[in-house]
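Note that this is a predicted model, so its numbers are computed, not measured. Position 1 is the first residue of the sequence; numbering continues from there.
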Amino acid sequence: MYIVLRKYTKVRSVADAARRAKSGIGQILRQSHGFRSYYVLDGGDGVGVAVMIFEDRESANAANAKILEFVQASLLDLDLGDPEITAGDVLVDIGPDASSGIKCS
């Protein structure tokens, strides 16, 4: 698995951004190969964090280009600014069942 975190620190309305992302970004992601899940959280004080989970880096990169276009075209009025981006391969996956595991390279 591959995870991409985007942290925005000056969002005027995280709730509004999340609502608009749910429809626009949600549609893009559901059509993206390798997509697993997407989350948006409100960190308070104008901080919004988007979490995207994919099967692999290539899938994440392909979807990222489409998402960037959407954000620039549809969320510009929210003054999101440039996000702090952290991305990488999942090294530990712990879930509620026994199928979870540790990936060590």
Peer 1: Is I53 close to Y39 at the side-chain level, that is, under 4.5 Å between some pair of heavy atoms?
Peer 2: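 Touching, per the 4.5 Å side-chain cut-off.
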Peer 1: Please report the closest heavy-atom contact between A63 and L29, naming both atoms and the distance.
Peer 2: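 Minimum heavy-atom contact is CB-CD2, 4.3 Å.
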Peer 1: If we only count heavy atoms from C-beta on, is the I3 to V51 side-chain gap below 4.5 Å?
Peer 2: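 Of all side-chain heavy-atom pairs linking V51 with I3, at least one is under 4.5 Å.
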Peer 1: I need the minimum non-hydrogen distance between G48 and V11, along with the two atoms involved.
Peer 2: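 Smallest interatomic distance, heavy atoms only, reads N-CG2, 4.3 Å.
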Peer 1: Output the distance between atom OH (Y2) and atom CG (D89), rounded to the nearest 0.5 Å.
Peer 2: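 It comes to 6.5 Å.
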Peer 1: Does any part of the side chain of H33, heavy atoms only, come nearer than 4.5 Å to the side chain of S59, both counted from C-beta?
Peer 2: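 Side chain of S59 against side chain of H33, heavy atoms only: contact under 4.5 Å found.
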Peer 1: Do you know which two heavy atoms are closest between F35 and F54, and how far apart they sit?
Peer 2: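 Here F35 and F54 meet closest at CA-CD2, 3.6 Å.
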Peer 1: State whether the side chain of S74 and the backbone N or O of V71 hold a donor-acceptor pair below 3.5 Å, judged by distance alone.
Peer 2: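 Such a contact is absent between S74 side chain and V71 backbone.
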Peer 1: Within this structure, what is the OG-CG distance for the pair S13 and D42, rounded to the nearest 0.5 Å?
Peer 2: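 Answer rounded to 0.5 Å: 8.5 Å.
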Peer 1: Using a cut-off of 6.0 Å, state whether more than 12 heavy atoms not belonging to Q27 lie near its atom CD.
Peer 2: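 No, because the 6.0 Å sphere around CD of Q27 holds 12 heavy atoms or fewer from other groups.
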Peer 1: Determine whether E55 and M1 make a side-chain contact, defined as any pair of heavy atoms from C-beta on separated by less than 4.5 Å.
Peer 2: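 A side-chain contact under 4.5 Å is absent here.
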Peer 1: Taking side chain as C-beta onward, heavy atoms only, is Y38 less than 4.5 Å from I25?
Peer 2: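 A side-chain contact exists here, since the closest heavy-atom pair is under 4.5 Å.
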Peer 1: For V4 versus A60, what's the shortest heavy-atom pair and its separation?
Peer 2: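 So the minimum-distance heavy-atom pair works out to CG2-CB, 4.1 Å.
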Peer 1: Kindly check if the number of other-residue, nucleotide or ligand heavy atoms within 6.0 Å of CZ (R12) is above 12?
Peer 2: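 Yes - once you tally the heavy atoms of other residues, nucleotides and ligands closer than 6.0 Å, there are more than 12.
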Peer 1: Using side chain to side chain contact (heavy atoms under 4.5 Å, CB included), reason through F70 and I28 one step at a time and then give a plain yes or no.
Peer 2: CA-CA 9 Å; F70 171 83; I28 293 167; 3.7 Å; yes
Peer 1: Does a side-chain heavy-atom distance below 4.5 Å link I67 with M52?
Peer 2: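 Yes, side chains in contact.
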Peer 1: When rounded to the nearest 0.5 angstrom, what is the spacing between NZ in K10 and CG in D45?
Peer 2: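 One finds 13.5 Å between NZ of K10 and CG of D45.
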